[in-house]
Each structure stands twice: as structure tokens, then as C-alpha cells.
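These figures come from a predicted structure and were not determined experimentally. The sequence lines fix the lettering, A, B, ..., with proteins before strands; numbering per chain opens at 1.
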Number of protein chains: 2
Amino acid sequence: MARIVAEREDVVPLLAEVFRTYGFEGASLARITEGTKLGKGSIYHFFPGGKEEMAEAVLAHVDAWFKRNVFESLSAHADPHEGINAMFDEVGRYFRSGRRVCLVGVFALGNERDRFAARVRDYFAAWIDALAAALVRIGREPKEAAALSHEVVGGIQGALVLARAFDRTDVFEETLQRLRKRALG
Amino acid sequence: MARIVAEREDVVPLLAEVFRTYGFEGASLARITEGTKLGKGSIYHFFPGGKEEMAEAVLAHVDAWFKRNVFESLSAHADPHEGINAMFDEVGRYFRSGRRVCLVGVFALGNERDRFAARVRDYFAAWIDALAAALVRIGREPKEAAALSHEVVGGIQGALVLARAFDRTDVFEETLQRLRKRALG
DNA sequence: GTCTATAGAGTGATAGAC
DNA sequence: GTCTATCACTCTATAGAC
């Protein structure tokens, strides 16, 4: 018996792609074992809680990734303009110009939202708050910054819907450009 | 046997709520029979093609509803400003201030997009085109009208995601107000 | 009898859990 | 792999309108 060492952390990104592609209900064990190249036994060894625990781990992973790579750009840069630009660059890369959808957004729209309400809420709250803080740093009024921040994050989610609907990456890229200008201008 | 006469058209709105709530994959026959109060026999009598035919009928129904009640507002009013205002009013009502999600948006994000690609694309294209035409009528340049129209329709989709994520209708209403102002201003 | 709407038992396949 | 539950779907049987 070959023992290809896998760890929980190595499985989570693969799991994330399955949940992202098929949603929570559509992520069947068959699709999960295919996507992770693991047997059912291994999957349940890593996630005794079943699909619910898998989805929790995936949401935590996405949340951590965004905190580290996207939200932190906003506060880490000495120049907040640079931080905002870095955020848009990262977002464009992460969503592969709209070819990839937002897993948390998909969960927010679905029936599974209630099950993962806290995770979904916290993800968007963290993003919006980090962006709003950067907007205040470039001189916006707090209230204006909050509204603009909602507009940008919501606009990105909407752009993902339209990019998928039209199957066109330029729809996503152009919206990203427009939102970037509005945030910085 | 009680014979409560139902017609296909009466069933479609009930079906729509099931697909809207659970998505295509999550709309099991158990949920469908529960939501429509019809037995499997009746359901398959109306939709011999099964779930695929049900989803097609639902998408066609939503599409027709929007064409009649939303997109037509944009062209029917003598004053395009009034038409755009009417569109925003209808959208706010239809989505129940963000408590309801967009069935076509959910389909666009999911794996089922490919199966219903034409319907999904046409729905958003019709909406964006109708709005862009109204924006041209109030004096916008065609190119600017197209960009703004994408922004508004995408913004509405994104606002639905955020409203569900935060479980707050005011997030949706405020975004709708902001987009309305931008469209008209 | 014919036609349409109804109900639901029963099919094999597949689901998630272990 | 094995378990039970549930999946989408089929089929037979029924009722009532013509």
C-alpha cells in the first residue's frame, strides 16, 4: 500500500475548488474524492464531521487567505493609494479575471448561508472594513468611505456574476478598473 | 380522488421559489413536491423532461416577468427619467429589498450555468441593453451608457450578495439608492 | 370510452456517514 | 467497503370532465 503522505492543510485548497465549483449541496462525496484524489476513508479521517466540517475548513482557509493577501495590503502599505491598488491587483488575480467565482458569495446566496452565517458575514465585514479604513486614510469622510467600500466589494461580487453570465473576462476587468478609479479618485 | 385543477402556469411560480431557494442541484424532488403541493405524478405530467424542463420553464417565466415589468418600464415611459425610476422601484419590490435572491444570478454562479447558458446570458443582456438605451435617451454617450448600465445591473447583483451575507435589507436599499442617483445624475 | 390531472408505490442509482 | 436514506424518475391506478 503506497502511503502518499497528505495533510489536512494540503487537502483544503483542493476541497475549496470542489465547493467553489459545485456549491455546498452539489459537492457530492464522489466529486470530492475525485477532486482531492483521496478515498472516502481518508476524507473522513481528516474531516470526521463530514461535509459540514469540510466546508468550515474551506471557509476558514479562504478567510485566512484574503486576510493575509488582500485585506492586509490595504493596511500594510505606507501609502494607502498603493494599498488599494494592491488590493485590486490581488483580487483580479485571485478570481482569475472572473473565471473563478467567490466561494463565500456563492454560499451567501444559497440555502447554506444560514449554516455558515458567521463565516460569511465576517468575511465580507473584514473586507469592507479594511477597505473603508484605507479610504479614510486617503482623506474620505468615514461615512463616505463606508458607502464606497460597500459599493466596491458589492461591485466585485456583481462583476463575477456578469462575467460568468457572459463568459467574458473583460466584463470583470473593466468593472475592476472602474471601481479602482472611483475608490482612488 | 380529489381533482384540484392546476395548470402548468400555476405551478411555475411555486417551482421558481424552490429553485431560487435551493439552486438547481439542491432542488430535490422532495422539496419540489413539498413546495408545489403536487405529487410526483403531477409534476412529471407537466414537465416530462424532469428537472431540466422545470428549470427551463422557471427561467423563461422569470425572463418574461422581467421583460414585462422591469425592462419595459425603461422604454415605455415618455420620460426616460421616470422609466429608470420605475425600474429601480420594481427591482426593490421584486427582490424584497434583498431578502429574495436573483434566480438567474444564482444559476450564473453555479455549475448549472453551462446547461442554461443562453437563458442566463439573454436575461442579463436584455436588462443591460434596455437600461443602456434609457441612459442614452437622457443624454449619455452610448459608450458611457453601456458602462454605467453594466455597473448598475452588476451592482444590484452584488448588493443581493451583501444583503444576504449581512442579513440586512438596508444594505440593499442603500445600494439601490446610490445606483439610482448615479444613473440619473 | 378518451383525456387530463392526480397520487404515490416502486425502480435502480447514488447520496453521505462510518 | 458497507450501511441506510434519499436521489431522479417510471409506472400503475385513480378521479372527474368531456
Could you list the donor-acceptor pairs under 3.5 angstrom formed between side-chain atoms of residues 139-155 of chain B and any protein atom two or more places apart in sequence or on another chain?
| unit_1 | atom_1 | unit_2 | atom_2 | d |
| --- | --- | --- | --- | --- |
| B/R140 | NH1 | B/E144 | OE2 | 2.8 |
| B/R140 | NH2 | B/R182 | O | 3.0 |
| B/R140 | NH2 | B/A183 | O | 3.1 |
| B/S149 | OG | B/I128 | O | 2.6 |
| B/H150 | ND1 | B/A146 | O | 3.0 |
| B/E151 | OE2 | A/R182 | NH1 | 2.4 |
| B/E151 | OE2 | B/R182 | NH1 | 3.0 |

Send over the distance from [X] [atom1] to [N] [atom2], rounded to a whole Å.
X	N	atom1	atom2	result
B/H45	C/dT4	NE2	P	7 Å
B/Y22	C/dA15	OH	P	21 Å
B/K51	D/dT6	NZ	C1'	12 Å
A/E53	C/dC18	CD	P	11 Å
B/I32	D/dC7	CD1	C1'	11 Å
B/R8	C/dT6	CZ	P	14 Å
B/L29	C/dT14	CG	C1'	15 Å
B/R115	D/dA8	CZ	C1'	11 Å

Using a 4.0 Å heavy-atom cut-off, does [X] contact any base of the nucleic acid, only the sugar-phosphate backbone, or nothing at all?
X	value
A/S28	sugar-phosphate
B/K40	base
B/G41	base

Next item on the list: In plain terms, say whether A/R180 and A/D89 are close enough for a salt bridge, that is, a side-chain N and a carboxylate O under 4.0 Å apart.
Entry: yes

Notebook entry, point to check: Could A/R115 and A/F24 be counted as a cation-pi pair, given that NZ or CZ must be under 6.0 Å from the ring centre and within 45° of the axis?
Noted result: no

Item checked: Under 3.5 Å donor-acceptor, A/K67 side chain and A/E72 backbone -> no

Margin query: With a 4.0 Å limit, can you tell me whether A/Y44 has a side-chain N or O closer than that to the phosphate oxygens OP1/OP2 of C/dC18?
Written below: no

